[in-house]
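In this text the structure is predicted, and so the values were computed from the model without any measurement.
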Amino acid sequence: MSCNEPEKNESKNILLNCDFDTAHNTIPFKKIKNSFFIPAFEKTIKEASKEIKSIADNKNKPGFYNTVEALDKSAKKLALVSNIFFNLNHAETSPELQKIAKKAATLLADFENDIYFNVKLFKRVKKIYDKRKKIELTNEQITLLEKTYLQFFKNGVELDKEKQSKLRDISKELAKLQLQFDENVLAETNNFILQIDNK
């Protein structure tokens, strides 16, 4: 993952920095504003999309390292932003964070669909998968290859455009419903009172 110099209007958003200026590079939650999250998601998704495109457009022969492993190692900055946000949302949620979560979930669902609907990328993975018994791979590498290959199928890579469009809508709606479910569970948990009247 490469780190680009932030633009002027992004310079104060610490989520867009490569490293946090803290001991052991720990996350400085107190310095993170809610307003940082959506710009951070949008920026890191854009960067991750470029990484995915470069893997799919690679002119070199598809191989485990330049395709499967490269895909597995991509979007690290996006993963960090996601982990920070959703852990915070679970641990210390608020109406504002819940509103951000709904938009973030839609952005992430679109990004994931863009990966698994990418036929060019899938063809590279498939070429490696089809010859997996003829190349030397560790058990861990075989597991990652098989998992990656199956993810494309499970996420609709071979569906026609109309069905992919429908699946895209379903995945976004499902992401929102999952968040709503989590919010409902949290609300009920917070409302629970254990009343003991037996001395």
- Residue list, salt bridge (charged side-chain N to carboxylate O under 4.0 Å, His left out) with Lys120, at least two apart or on another chain: Asp57

- Note on the structure: Ser82 meets the side-chain contact (heavy atoms from CB on, under 4.5 Å) criterion, sequence neighbours left out, with Phe41, Leu78, Phe86, Leu108

- Query: Under 3.5 Å, side chain of Glu112 to main-chain N/O of Ala109, donor-acceptor pair present?
  - Reply: no

- For Glu183, check salt bridge (charged side-chain N to carboxylate O under 4.0 Å, His left out) against everything at least two apart and list the hits. Lys102

- Note on the structure: CG (Leu80) and OG1 (Thr44) are apart, to the nearest 0.5 Å, by 9.0 Å

- Here the gap from Lys53 atom NZ to Ile55 atom CD1, rounded to the nearest 0.5 Å, amounts to 12.0 Å

- Task: Verify, without hydrogens or angle tests, whether Thr26 (side chain) and Ala23 (backbone) share a donor-acceptor contact under 3.5 angstrom.
- Result: yes

- Can you get from Leu179 to Leu174 by hopping between Ile, Leu, Val, Met, Phe, Trp and Tyr side chains that sit under 4.5 Å apart? no

- Note on the structure: Rounding to 0.5 Å, atoms CG (Leu121) and NZ (Lys126) come to a distance of 14.0 Å

- Please name all residues satisfying salt bridge (charged side-chain N to carboxylate O under 4.0 Å, His left out) with Lys166, sequence neighbours left out, ordered by chain then number. none

- Item | By side-chain contact (heavy atoms from CB on, under 4.5 Å) - contacts of Thr148 (at least two apart) | Val68, Leu71, Val125, Leu144, Phe152

- Query: Linking I/L/V/M/F/W/Y whenever their side-chain heavy atoms sit closer than 4.5 Å, directly or via other members, would Phe29 and Ile14 fall into one cluster?
  - Reply: yes

- Note on the structure: With sequence neighbours left out, the residues meeting salt bridge (charged side-chain N to carboxylate O under 4.0 Å, His left out) with Glu69 are Lys73

- Message: Applying side-chain contact (heavy atoms from CB on, under 4.5 Å), can you list everything that pairs with Gln164, at least two apart in sequence or on another chain?
- Response: Phe117, Leu159, Lys161

- Message: Treating Asn13 as the side-chain partner and Phe36 as the backbone partner, does any N or O pair qualify as donor plus acceptor under 3.5 Å?
- Response: yes

- Item | Contacts of type ring-ring contact (aromatic ring centres under 6.0 Å, His included), residue Phe153, not counting sequence neighbours | Phe122, Tyr149

- Item | side chain to side chain donor-acceptor pair (under 3.5 Å) evaluation trace for Gln178 with Asp182 | CA-CA 6 Å; Gln178 180 62 56; Asp182 291 342; 3.1 Å; yes

- Query: Are the side chain of Ser54 and the backbone N or O of Glu51 linked by a donor-acceptor pair below 3.5 Å?
  - Reply: yes

- Message: Return the CG to CD1 distance between Asn34 and Ile100, rounded to the nearest 0.5 Å.
- Response: 4.5 Å

- With a 4.5 Å heavy-atom cut-off, do Asn25 and Phe20 have their side chains touching? yes

- Message: For Lys61, is there any backbone N or O sitting under 3.5 Å from a side-chain donor or acceptor partner on Asn66?
- Response: yes

- Message: Within the structure provided, determine whether Arg132 and Gln141 are in side-chain contact (heavy-atom separation under 4.5 Å).
- Response: no

- Item | Hydrophobic cluster partners of Leu194 (side-chain heavy atoms under 4.5 Å) | Phe192, Ile196

- Ile32 vs Phe37 side-chain heavy atoms within contact, under 4.5 Å: yes

- Thr22 to Pro28 - nearest heavy-atom pair and separation: CG2-CB, 3.9 Å

- Query: So which pairs with a foot in residues 90-101 pass salt bridge (charged side-chain N to carboxylate O under 4.0 Å, His left out), sequence neighbours left out?
  - Reply: none

- Query: Could you state the interatomic distance from CG (Leu167) to CG (Asn155), rounded to the nearest 0.5 Å?
  - Reply: 7.0 Å

- So, Ser171 side chain and Arg168 main chain: donor-acceptor pair closer than 3.5 Å or not? yes

- Rounded to the nearest 0.5 Å, what separation is found between the CG atom of Asn83 and the CG atom of Leu88? 12.0 Å

- Task: Each residue besides Leu177 in its hydrophobic cluster should be listed here, by chain and number; the cluster joins Ile, Leu, Val, Met, Phe, Trp and Tyr at side-chain heavy-atom distances under 4.5 Å.
- Result: none

- Carefully, step by step, assess Ile128 and Leu145 under the rule side-chain contact (heavy atoms from CB on, under 4.5 Å). CA-CA 8 Å; Ile128 304 160; Leu145 172 59; 4.0 Å; yes

- Backbone N/O of Phe85 and side chain of Asn89: donor-acceptor pair under 3.5 Å: no

- Criterion side chain to side chain donor-acceptor pair (under 3.5 Å) on Tyr129 and Glu146, from CA distance to verdict: CA-CA 7 Å; Tyr129 181 83; Glu146 291 177 345; 5.4 Å; no

- Name all residues meeting the side-chain contact (heavy atoms from CB on, under 4.5 Å) criterion together with Thr106; count only those two or more places apart in sequence or in a different chain, and write none if there are none. Asp110, Lys172, Lys176

- Item | Heavy atoms from other residues, nucleotides or ligands near CG of Asp130 exceed 12 (cutoff 6.0 Å) | yes

- Please examine the side chains of Asp160 and Lys163, heavy atoms only from C-beta on, and report whether any two atoms are closer than 4.5 Å. yes

